[in-house]
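What follows is one structure encoded as structure tokens, with my remarks underneath.
Predicted, not measured: the structure shown is a model, and the values here were computed from it. Letters go in sequence order (proteins before strands), and every chain restarts at 1.
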2 protein chains.
Amino acid sequence: MALMVSVHRMPGHIIRRLHQISTAVFTERMARIGEEITPVQFASLAAIRTHPGLDQATLAGLVAYDRVTIGGVVDRLVAKKLVARTVSPKDRRARVLTLTPEAEALMQALEPKVEAFQADILVGLTGEERETLIRLMSKVVEAGNALSRAPQTGDDA
Amino acid sequence: MALMVSVHRMPGHIIRRLHQISTAVFTERMARIGEEITPVQFASLAAIRTHPGLDQATLAGLVAYDRVTIGGVVDRLVAKKLVARTVSPKDRRARVLTLTPEAEALMQALEPKVEAFQADILVGLTGEERETLIRLMSKVVEAGNALSRAPQTGDDA
DNA sequence: ATGTATTAGGTAGTATGCTTATTAAATATC
DNA sequence: GATATTTAATAAGCATACTACCTAATACAT
């Protein structure tokens with residue numbers, strides 16, 4: 001009988017499960033406060049809020065999605081009337097993104113709540129373990145940034 | 001000026017980036033050895049190999065995907081002639097899954113290689129840090145299993 | 001044994017997350 | 001100043017990863 005390999009101890013599988021739990025907790029907490037904002041949409045809104053007037057390519061770099069995905073995310077945010085998209089007068093290829101007043105109000109209400117439940121994602125850990133885990137994951141993300149298909153670019157303010 | 005919150009230090013965002021890097025490394029390494037097996041397909045093949053004759057719902061539980069996703073994954077594995085799907089004689093609702101001889105040979109060749117490059121996913125860490133990271137991520141995955149929409153069920157052999 | 005509940009797999013629909021290819025506009029180069 | 005390259009966005013297509021709902025088949029409870 002050949003050696004049987006289980007995926008359950010492979011980093012790739014564990015990371016996928018962690019991501020699955022993370023998004024489930026995010027979605028559940030968001031639903032609990034009556035909102036239907038996805039993790040990707042929240043990150044995009046936060047980045048547009050910090051960098052108003054940025055274009056889609058810059059947004060993609062800040063949050064580290066590829067540009068095609070960002071296009072779809074912005075489509076949905078525009079449909080929800082949370083983002084205004086206009087052609088840049090400086091560069092007519094680019095689309096300038098800003099939050100609508102509704103989105104400003106929404107993010108002001110949402111950000112502290114999202115901050116607060118982030119710790120709940122790393123369930124079952126002591127405070128110290130949580131710190132260690134975040135530090136080590138961040139280290140891998142920094143070292144592996146260029147390996148991903150949509151590396152993070154620009155500041156991390 | 002309101003407090004501006006960046007997602008870059010939020011666990012949810014870091015986990016998503018980690019997952020993004022993980023799948024990119026997997027895809028790149030797989031391409032390097034001339035195969036087009038996705039992480040999900042590899043995990044499914046490994047589970048079917050360990051539990052030949054299992055049905056799709058059992059497979060979904062073992063690898064912790066929802067049943068609809070597994071249905072699509074199995075569709076593609078059947079199309080690639082890597083998995084045989086037949087109606088169970090015991091329960092005519094169920095589909096019994098087994099590897100084809102091609103898939104057996106493929107997995108025998110693939111498993112040591114995939115095992116070997118798993119460490120490359122956790123780039124930029126010392127061996128000790130890698131151990132710690134895997135241990136802490138596993139702890140969260142165990143504690144948070146029930147929180148995900150598709151919890152892992154059955155053994156982890 | 002019979003009606004109820006549960007379960008396996010499916011369809012339809014939404015949202016990522018990526019690929020390659022195309023269009024249009026800006027920039028670099030000669 | 002004409003041309004070549006690069007860049008921003010989109011289109012089309014594939015593969016997850018879910019929800020809600022549907023049908024068929026099985027289990028179970030009385």
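Taking a cutoff of 4.0 Å between a charged side-chain nitrogen and a carboxylate oxygen, Arg149(B) and Asp66(B) do not qualify as a salt bridge. Using a 4.0 Å cut-off between charged nitrogen and carboxylate oxygen, Lys139(B) and Glu129(A) count as a salt-bridge pair.
When distances are taken from the side chain of Arg93(B) to each of dG9(C), dA17(D), dA24(D), the shortest belongs to dA24(D). Each of dA17(D), dT19(C), dA25(C) was ranked by its minimum atom distance to the side chain of Arg92(A); first place goes to dA25(C). Among the nucleotides dT10(D), dG17(C), dT19(D), the one closest to any side-chain atom of Gln56(A) is dT10(D). Relative to the side chain of Asp91(B), the nucleotides dA15(D), dA25(D), dT16(C) differ in distance, and dA25(D) lies closest. Of the candidate nucleotides dT16(D), dA11(D), dA8(C), dA11(D) has the atom nearest to the side chain of Val68(A).
The phosphate of dA8(D) has OP1 or OP2 within less than 4.0 Å of a side-chain N or O from Arg67(A). Regarding contacts with the backbone of dT16(C), every side-chain N or O of Gln20(B) stays at 4.0 angstrom or more from both OP1 and OP2. When the side-chain nitrogen and oxygen atoms of Thr38(A) are compared with OP1 and OP2 of dT16(C), one or more of them lie within a distance under 4.0 Å. At dA17(D), none of the side-chain N or O atoms of Arg16(B) fall inside 4.0 Å of OP1 or OP2 (strictly under the cut-off). Contact annotation: Thr23(B) side-chain N/O to dC18(C) OP1/OP2 distance is not under 4.0 Å.
Mapped onto DNA chain C by nearest heavy atom, Arg95(B) and Arg149(A) fall at different nucleotides, with Arg95(B) at the one closer to the 5' end. With the nearest nucleotide of DNA chain C identified for both Lys80(A) and Asp75(B), Asp75(B) has the one nearer the 5' end.
Using a 4.5 Å cut-off on side-chain heavy atoms (C-beta onward), Leu133(A) and Met137(A) make contact.
Applying side chain to side chain contact (heavy atoms under 4.5 Å, CB included) to Leu54(A) and the options Val96(A), Leu97(A), Thr98(A) leaves one that passes, Leu97(A).
Nucleotide dA17(D) holds its P atom 6 Å from the OH atom of Tyr65(B), rounded to whole Å.
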